[in-house]
Amino acid sequence: ILSEVALRETEKKSKRILCEINERSQQLMEKMDDIVWSISSKNDTVGNLFIRIQQFASTVFEAKDIDYEVRIPERVKEMKLGMQHRQHIYLILKEAINNLIKYSGCTSAYINAEYAGGVLKIEVTDDGVGFDLKNIQPGNGLHNMQKRTDAMLGTLFISSARGKGTQVILSVQIE
């Protein structure tokens, strides 16, 4: 529909519409790439999940000049993750990173994984401006993060305070 409108409009308006078509197309391609990645059985380890997270994180952190570190213990890298867990964890972490980029104003970020007692714990932390947890208007992002966590029977903990940065901790049982 947008391309048909662009064909009929003035050059200036057409350019704006074509930019919107381009942006939507890129978003669609990114989402399709995420789906294809998550269903591929060759990506069924925690290590492959973190390679994907690091690829995404490095692109956005470097674009915003944010120092970052991604840590994952060697012993966890070969642990298997089912398709659903892999997709849920990836999208939760991606949302946490996007929120960090949009709102934190941080200069440093950390993504850290730990494994103990059958629980994979992943933490995304920043040194940004933080926010008051009592005064947030949850949008789809936080709601979707919680829904995905619930689908895995995991826990999602968010800690933040003005001037103290933000910490997002996802804990899920894996074998």
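This structure is a prediction, so every number in the text was calculated from the model and none was measured.
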Enquirer: Measure the CZ-CD1 distance between F61 and I101 for me, rounded to the nearest 0.5 Å.
Expert: 5.0 Å
Enquirer: Hey, could you give me the NE2/CG distance between H85 and L49, rounded to the nearest 0.5 Å?
Expert: 11.5 Å
Enquirer: Any Lys/Arg nitrogen of E69 or R71 sitting under 4.0 Å from an Asp/Glu carboxylate oxygen of the other?
Expert: yes
Enquirer: Any non-hydrogen side-chain atom of Q173 less than 4.5 Å from a side-chain atom of L153?
Expert: no
Enquirer: Given side-chain contact (heavy atoms from CB on, under 4.5 Å), test I158 with L142 step by step and report yes or no.
Expert: CA-CA 10 Å; I158 300 173; L142 293 176; 3.8 Å; yes
Enquirer: Please answer whether the main-chain N or O of G154 pairs with a side-chain N or O of T149 as donor and acceptor at a distance below 3.5 Å.
Expert: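 Between the backbone of G154 and the side chain of T149 there is no qualifying donor-acceptor contact (under 3.5 Å).
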Enquirer: Just so I know, are the side chains of V46 and I174 near enough to count as touching, which here means a heavy-atom distance under 4.5 Å?
Expert: yes
Enquirer: Under a 4.5 Å cut-off applied to non-hydrogen side-chain atoms, are L170 and M152 in contact?
Expert: yes
Enquirer: Identify whether V129 and V60 are in the same connected component of the hydrophobic contact network (ILVMFWY, side-chain heavy atoms under 4.5 Å).
Expert: no
Enquirer: Please answer: with hydrophobic residues joined when any side-chain heavy atoms are less than 4.5 Å apart, are L81 and V70 in the same cluster?
Expert: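 Same cluster.
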Enquirer: Any heavy-atom pair between the side chains of Q167 and E123 that's under 4.5 Å?
Expert: yes
Enquirer: Go through the steps to decide whether V76 and L120 satisfy the test side-chain contact (heavy atoms from CB on, under 4.5 Å), and finish with yes or no.
Expert: CA-CA 9 Å; V76 176; L120 178 64; 4.0 Å; yes
Enquirer: Check the hydrophobic clustering (I, L, V, M, F, W, Y; side-chain heavy atoms under 4.5 Å; chains of links allowed) and say if Y90 and I169 are grouped together.
Expert: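 No; tracing contacts between hydrophobic side chains, which count when under 4.5 Å, never links both residues.
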Enquirer: Between N98 and K94, is there a side-chain heavy-atom distance shorter than 4.5 Å?
Expert: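 The answer is yes; the side chains approach within 4.5 Å.
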Enquirer: Exactly one of N48, T45, D44, L91 should register a side-chain contact (heavy atoms from CB on, under 4.5 Å) with R86. Which one does?
Expert: D44
Enquirer: Mind checking the CD1-CG spacing from I97 to D126? Nearest 0.5 Å is all I need.
Expert: 11.0 Å
Enquirer: What pair of heavy atoms forms the shortest contact from G130 to S160, and how long is it?
Expert: CA-OG, 3.2 Å
Enquirer: Please examine the side chains of C106 and I66, heavy atoms only from C-beta on, and report whether any two atoms are closer than 4.5 Å.
Expert: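 The answer is yes, as the side chains (C-beta and beyond) meet within the 4.5 Å cut-off.
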Enquirer: Kindly compute the distance separating CD1 (I92) from CD1 (I122), expressed to the nearest 0.5 Å.
Expert: 8.5 Å
Enquirer: Flag yes if more than 12 heavy atoms outside Y103 fall under 6.0 Å of its OH atom; otherwise flag no.
Expert: no
Enquirer: Quick one, I111 and Y68 - any side-chain contact, counting heavy atoms below 4.5 Å?
Expert: no
Enquirer: Nearest 0.5 angstrom please: Q54 CD to I51 CD1, how far?
Expert: 8.5 Å
Enquirer: Under a 4.5 Å cut-off applied to non-hydrogen side-chain atoms, are T125 and N112 in contact?
Expert: no
Enquirer: Quick check: are there more than 12 heavy atoms from other residues, nucleotides or ligands sitting under 6.0 Å from CG of D132?
Expert: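 Yes.
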Enquirer: So, for A96 and M145, which heavy atoms are closest and what is the spacing to 0.1 Å?
Expert: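 Scanning both residues, the minimum pair turns out to be CB-CE, 4.0 Å.
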Enquirer: Measure the spacing between CZ of F50 and CG of L93 and express it to the nearest 0.5 Å.
Expert: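 That separation rounds to 6.0 Å.
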